[in-house]
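Each residue takes its place number in the sequence, starting with 1. Just so it is clear, the values below take in all heavy atoms, side chains as well, and ignore hydrogens, waters and symmetry mates.
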Amino acid sequence: MVLDGRKITVGVLGATGVVGQYFIMLLAEHPFFVLRALGASRRSAGKEYRAAAAWKQSKPIPGVARGMLVQDCEPENFRDCEVVFSGLDADVAGEIETRFRLAEIAVFSNAKNHRRDPLVPLIVPLVNTSHFGIIQQQRAAQAPPLKRGFIVTNANCSTTGVVVPLAALEKAFGPLESCMITTMQAISGGGYPGVPSLDIFDNVVPYIGGEEEKMEWETLKILGGITEADDGTKAFDMHARAPLRVSAQCNRVPVIIGHTECVSVRFAHRPPPSPQQVREALAAYTSEAYTVGCPSAPGHTIFVHEEVDRPQPRLDRDFQSGAGVNVGRVRQCPVLDIKFVLLANNIAIGAATSSIMNAEFAAIKGII
């Protein structure tokens, strides 16, 4: 780690929401991020955090945040912060995050607004930290050009879970040709208060607005590379060098935390690997975030279960504090090549933990 004892001051936008609350829990005990400011809507501004937040976590509000005054989400209220983590709702996140970038503050966002921006990296820290390489071009494209400000987004929670094993498979066996995904997504993925109880009890809802489209294109941006033109201009290639077809079907199920996904893949190279080779490759996969020493990175990027009935949300979602991905039931697929089941904690690696790990990587690499 190259921080040499340096502490980095941070703030949280959307601090009263479920993801914002999880940010606060993680930051309260962080080894080098120091929480200095909390932002939320104007109806919460001016209140102590304990009065403004309808706290929904299993642990008490951390002492560092309890008495902190909530601010409007304006850059002048975050002058002491080098970094902000955004848990803002998508209906307000875009413009607010842009203002913070222009104020020379690094923004790590859980919102969807900037994910399609051709100069904003969409980073799952267990997969594609190389995409930080476009930050310099993003800064240079602003008016005026920036020295410190930038925006990095993490992926949709369901996308995050699946791209980790897909990245491991492509690293070991070459490009994938097609991927079919069926999700069983926890109700917390929709925020609080979420799906009405009469809609989700004793039920499965086979539609989550925009979710399938997000999974299908986000996967390509994350697993793809960065091309560089003769003039030095960089661009995301969307996996174009080896076209990948992704089909997703997304369902909301009566589970509180933990997205389960059933995945089938076909490899471009023939013959495909055996199920045992796939198990070994998944278990051996190590993220760069862990290699460089990010404190939040899990030791097991992918934990491969041997039991025939795992992973399960209630049993496996909190393993490694929810920072890794659990995979089980790896077997041959009679239609494609290989099929498996994965579980990802949608609040941790699917949201706040990803943003914090992205910021840790940027700090260690001297980007912030």
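Of all heavy-atom pairs spanning Val278 and Pro273, the tightest one is CG2-CG, 3.8 Å.
A cation-pi geometry, defined here as NZ or CZ lying under 6.0 Å from the six-membered ring centre and within 45° of its normal, does not hold between Lys7 and Phe32. Cation-pi geometry between Arg116 and Trp217 is met: the NZ or CZ atom falls under 6.0 Å from the ring centre, inside 45° of the normal.
Checking Glu211 against Ser158 by side-chain atom types alone, a donor-acceptor pair falls below 3.5 Å. No hydrogens or angles considered: nothing links the side chains of Thr183 and Asn251 as a donor-acceptor pair under 3.5 Å. Gln138 and Arg101 form a side-chain donor-acceptor contact under 3.5 Å, judged by distance and modelled atom types alone. Side-chain contact check for Gln276 and Glu280: at least one donor-acceptor pair (N or O, by modelled atom type) lies under 3.5 Å. Using modelled atom types, one finds no donor on one side chain facing an acceptor on the other under 3.5 Å when comparing Arg139 with Gln136.
With Lys47 contributing its side chain and Ala53 its backbone, the two residues share no donor-acceptor pair below 3.5 Å. Asn128 contributes no side-chain N or O that, together with a main-chain N or O of Leu223, makes up a donor-acceptor pair within less than 3.5 Å. In terms of modelled atom types and a separation under 3.5 Å, the side chain of Gln185 and the main chain of Val253 share no donor-acceptor contact.
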Practice problem: Evaluate the side chain to side chain donor-acceptor pair (under 3.5 Å) criterion for residues Lys171 and Tyr285: first the C-alpha distance (whole Å), next the side-chain angles of each, then the deciding distance (0.1 Å), finally the verdict. | Solution: CA-CA 9 Å; Lys171 181 179 180 181; Tyr285 179 75; over 6 Å; no

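Aromatic pair Phe173/His269: ring centres not closer than 6.0 Å. Taking the six-membered ring wherever Trp is involved, the centroid distance between the rings of Phe150 and Phe108 falls below 6.0 Å.
A salt bridge links Arg99 with Glu74; the closest basic N to acidic carboxylate O contact falls under 4.0 Å. Lys147 and Glu104 are not joined by a salt bridge, as no carboxylate oxygen comes within less than 4.0 angstrom of a charged side-chain nitrogen.
For residues 349-363, the pairs satisfying side-chain hydrogen bond (donor to acceptor under 3.5 Å, both in side chains) are His30-Glu360, Asn154-Ser355, Ser296-Glu360, with sequence neighbours left out.
One distance of note links OG1 of Thr260 with CE of Met184; it measures 5.5 Å at 0.5 Å rounding.
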